[in-house]
Every structure is written in structure tokens, then in C-alpha cells.
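Whatever order the structure lists them in is the order used to number ligands and atoms, beginning at 1. Side-chain atoms are counted along with the backbone in the values below, which use heavy atoms only and exclude waters and symmetry mates.
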Amino acid sequence: MAQTDTTDRGNWNSRIGFVLAAAGSAVGLGNIWRFPTEVASNGGGAFLLIYLICCFAIGFPVMVAELSIGRKTERNPVGAFKALSSNKFYPLIGFWGVLCGVMILSFYTVVAGWTFSYVFEEIFFFAGLDSWATYFAEVSNGVKNGIFSTIFMGATVSIILGGVSDGIERATKFMMPVLIGILMIMIGYVAFQPGAATGFAEYLKPDFSQISAPLIFSAMGQAFFSLSLGMGALITYGSYLSKKENVPEAAAFVTLADVGIAFLAGLLIMPAMYMAESFGVNIFSESGELLASSDLIFQVLPALFHSLNTTAGIIFGVSFFLLLSMAALTSTISLLEVPTSYVIDEYNVKRKKAAITIGAGILIISLIISFDISLIGSIDFIFSKVGLPLGGFLICYFLGYVWTVKNALEELEHGYPGLDSSIFKAVWPIFIKFLAPLAILYNLLEAIGFISYIEQLF
Ligand code: TRP
């Protein structure tokens, strides 16, 4: 059922293509770099538990909301809100989303650049060229970061130029299974190494006393980030979706795939940290907490690979970082697609011009971050930890009280003939109108209280 694009908007060619592209957007550095870091800094199992609750109780309903708004309007996030209401305020939700996407992408390319440069670190390490290996391992080397971010942005733009089905869909189709395969093999290997048991226990045994407002806030932010929610990426992906698609089912699949891969990444990284410790890598901070700096996985994983013999080390080290780079690429694509589709739809610009100009603009911010990676923490805080849940809250509010659940359910009925008598129909509206927005709001307010508490300390 191939379709030819008559406009610059485009459509997904196949059902599996959409699901994989949305899963590709979800699965990325968020799962393998950010999630284990959050787990480690929030005491392991307790975080995992709250994270899972956030994904299913908040993330999944919001994902269905974004996809239904997108498919109904066939527009970018700004245009979608314009199409569904005449009030001038609501398109601002879309603007906020576009801004969050731009800012997230600007640091994401820097981190993605690290993953790609670690491919070379591994090659040079096993080739015995230690000084080269060290060069590629330096996360605070501005020039090197700049070069790799530029490569990454170039790759992202070139896929976006290919358009929806030929570019995005084709690129994501084969990478995911390979990534999962390699994760599993590595988990199998690490599981039997010294220290692994402690890692598993820390990860899987929730210590309920650790559950606190900041932990819940982090878990919620992580759920939004990892599922690519709150900024309209899935409004955009939904806008290319056929009416034949069963949206809740597709969303369930994407959520499960993303959560599954994050869970697997934790099963790898937590034991690997303790394994690295048994090799003499320091994994605790001075105050005795697990190290969770943003370069955590860039210390622990290489230590793991370096412990292998040359052949295994080359195979696993290189392919792991290569696959992680590809997973990051399927995510940067979705981040850049949002502002691109906005400019294409609203200003009638050609896809090529839109993608190149916006990509170049965001690259300028990435280059600044390349030279001062401490900026990542604050940008991440404002635009993902706060920005995405805020966007999610506004989307719930808009769907529940402006566009209305009734209209959304009518849209969802396309491709889901059994909707009327489903549990989904009974439960989803409650989550979208009450539970999800209230939980988000409560957490955001709590976080602001937490900030002022911190301020008082100084
Ligand atoms: N979900 C991706 C990850 O886990 C990151 C990402 C891609 C994203 N597109 C997004 C985050 C849109 C928020 C919004 O790595």
C-alpha cells in the first residue's frame, strides 16, 4: 500500500513502520543513558517501581491523547491546537512543545555524539592505541564534542530530508531488534560476573523508605522523556497515521517496548556498575551514594568492555555504542521532525529548506553546549523534567475539557471497532481528565516547593 507523497507532509507506509518509528523515537539515550543514571541516583528499586507506575498511569494515556489529536488534525502540534479550537491561547501549548523539542535536541546531539565517539574509543583501545582511545573518551573536550554533534545533526537532517516513509520509517525498521539482541547477550554475560548479584538486588528490591517527592518527580520526568511525550512529537507522528490504525493498541505496544528496553538497560547497567567496582572502578561518591553523573555509562560500560578479551571486547564494545548511536538517531529524528513539520505546515516552506535551516539553528546551541557540558543539567531540568510534564498536563487539560473526551473517542473509533464495549473506553477518560493531570500538577507543584526548600538552604 505504498503511497506517493503529494505534499511535503507524508504518511507512514505501513502499520509496522509507524509502530517502529514511534518506538524508535521512544527508545534512545533516555533508556540506556538517562534511565540507569536516574535509577542509580534515586536508590534503585524504589525508582523503578514509581517509574513503571508513571509510564502506565500517566505516560500511556497521554500518548493516546497525543496520537488522537495528531491523527484527527493531520497537523503539527501548533497547527493541531489551532484546528481544534478557535481560542488563541491553546496553540501556545504547541509552541511550548516545539521549544522544548528544540532545547532537548540541542543537548541530545552532544550526548549522542559521545556515544558515537565511544565507537572509536573502543576500536582504538583494542588496537592498543591508548592515547587515541583517551581522546575519544574525553566527554569534556569541546572541539571533539562539537565535531561529533555536527556529525550527528548532519545524519539527523539527512534522514529528515528523505521524508516520512522513505527516511524515518526505513531507518528505524531494522535497528531495534538488533539492539535488543545485543542487550540480552550482554546481560547474560554480566549476570555471572563478580558483583552482579549486588547490582541486581539494588535494582530489583524496592526500598520503600526511599520514595520521596523528588524521586517521584524524577520518575515522572523520566517517563515523559523516555516515551517522547509532552512536546507533541507524537502529535506529529500521529498526524501521519492512517485511520485504519488502532491507536490505543499501537500506543500500548510503544509503551511496552520502551519500558521493556529501559528495564533491560537497568538489568545491564546496575550489575555492570558493581562488576566495574570489582575491577577497581570507583562507583560511589564521597557521600557513599552511587555515582550518577551524566557520564556514568561512559565509565562503567567501557570498563566492562575492556575487561573482555580483544575479540569479544571489539565485537561488543563497538556494536553496543554503534547501536546506541543508532537508537539515539531514531530519537533525534523525532525531535527534529516536530519543528520541521511546524514550519512546513504553518509557513508553507519546503521540507528540505525547513529541515536544513532548523537543524543548523539547533546545531549552534549544541556547539555552545559542547564547550560547556554543565549546561546539560539545567536545560534538561527546565525543558524535560519540568517542560515535558507541563506540556503533558496542558495536553490532558485540552483534550479533556476543550476538545472533549467524546470527540477524542470518536476519533479513536477509527481502526478500533470494539472501542464501545472496551475497558479502554471506560478507563482512559478518567485518567485523561482527572488522574494524570492531577498527578502531574501535584508533582510539579511539589517540585517547585522542593526548589524553594533548596533555596532556603543557601
Ligand atoms: N525518548 C527519547 C529517548 O528516550 C528522547 C526523545 C525523542 C524525546 N523524542 C522526544 C523526548 C520527544 C521528549 C520528547 O531517548
Side-chain angles (χ1 to χ4, degrees), residues 20-39 51 54-55 58-60 62-63 65-67 70 76-77 93-94 96-115 152-153 156 159-160 168 171-172 175-176 179 219-238 251 254-255 257-266 294 297 323-342 362 376 379-392 394-395:
L20 285 179
S25 156
V27 175
L29 298 172
N31 305 60
I32 293 164
W33 164 71
R34 202 172 182 278
F35 173 73
T37 308
E38 292 281 346
V39 172
Y51 171 72
C54 288
C55 284
I58 304 177
F60 171 71
V62 173
M63 187 181 290
E66 285 202 27
L67 290 173
N76 67 87
I93 305 174
W96 174 245
V98 173
L99 180 66
C100 287
V102 164
M103 295 311 290
I104 292 173
L105 181 56
S106 71
F107 75 78
Y108 203 97
T109 48
V110 178
V111 182
W114 293 337
T115 63
F152 224 89
M153 185 60 91
T156 308
I159 293 180
I160 293 277
I168 304 177
T172 38
M175 296 180 210
M176 302 274 297
L179 182 71
M220 182 178 72
Q222 176 60 26
F224 273 93
F225 186 90
S226 190
L227 294 169
S228 301
L229 295 174
M231 56 152 286
L234 290 178
I235 294 183
T236 312
Y237 274 26
V254 174
T255 306
D258 185 62
V259 169
I261 292 186
F263 181 72
L264 286 180
S294 66
I297 76 149
L323 283 166
L324 187 50
S325 305
M326 293 200 273
L329 189 57
T330 54
S331 298
T332 52
I333 294 167
S334 81
L335 285 162
L336 184 59
E337 180 64 18
V338 174
T340 305
S341 72
Y342 164 60
I362 298 175
I376 294 178
I379 299 179
D380 185 36
F381 183 82
I382 301 170
F383 296 101
S384 47
K385 289 189 172 157
V386 175
L388 298 175
L390 179 63
L394 295 170
I395 289 167

How far apart are the C-alpha atoms of Leu229 and Leu388, what are their side-chain angles, what is the distance that settles it, and do they pass the side chain to side chain contact (heavy atoms under 4.5 Å, CB included) test? CA-CA 7 Å; Leu229 295 174; Leu388 298 175; over 6 Å; no
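- Heavy-atom contacts of Gly28 reach the following atoms of ligand 1: 3 (C), 4 (O), 15 (O) (cutoff under 4.0 Å).
- Residue Ser25 approaches ligand 1 through these ligand atoms, each under 4.0 Å from one of its heavy atoms: 1 (N), 2 (C), 6 (C), 7 (C), 9 (N).
- With contacts defined as side-chain heavy-atom distances shorter than 4.5 Å, the pair Thr156/Leu335 does not qualify.
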Working note: Phe225 + Ile104, criterion side chain to side chain contact (heavy atoms under 4.5 Å, CB included); need CA distance, chi angles, decisive distance, verdict. CA-CA 9 Å; Phe225 186 90; Ile104 292 173; 3.7 Å; yes
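- By the 4.0 Å heavy-atom criterion, Tyr108 is counted among the residues contacting ligand 1.
- Heavy atoms of Ala26 approach ligand 1 to within less than 4.0 angstrom.
- One option in Gly230, Ala23, Ala327, Ser334 has a heavy atom closer to atom 9 (N) of ligand 1 than any other, and that option is Ser334.
- Considering backbone and side-chain N/O of Leu227, none are found under 3.5 Å from N/O of ligand 1.
- In this structure, Gln222 contributes its side chain and Gly30 its backbone to a donor-acceptor pair below 3.5 Å.
- Closest protein heavy atom to atom 8 (C) of ligand 1: Ser228 OG, 3.5 Å.
- Contact of the Phe152 side chain with the Val110 side chain is not registered, since no non-hydrogen atoms from C-beta on lie closer than 4.5 Å.
- Proximity to Leu388 (heavy-atom distance under 4.0 Å) selects the following atoms of ligand 1: 13 (C).
- Proximity of Tyr237 to Ser334: side-chain heavy atoms (C-beta onward) are separated by under 4.5 Å at one or more points.
- In summary, the side chains of Ser226 and Asp258 do present a donor paired with an acceptor at a separation below 3.5 Å, with no hydrogens or angles considered.
- Heavy-atom proximity to Leu335, at under 4.0 Å, picks out these atoms of ligand 1: 7 (C), 8 (C), 9 (N), 10 (C), 12 (C).
- A heavy-atom distance below 4.5 Å is not found between the side chains of Thr330 and Ser25.
- Here the two rings, on Phe383 and Phe107, have centers that are 6.0 Å apart or farther.
- Of the options Gln222, Met231, Arg34, the smallest heavy-atom separation from atom 14 (C) of ligand 1 is shown by Met231.
- With hydrogens left out, the protein atom closest to atom 11 (C) of ligand 1 is Phe225 O, 3.2 Å, a heavy atom.
- Interface of Ser226 with ligand 1, defined as ligand atoms under 4.0 Å from a residue heavy atom, comprises 1 (N), 4 (O).
- Short contacts between ligand 1 and Leu29, defined as distances under 4.0 Å to a heavy atom of the residue, involve ligand atoms 15 (O).
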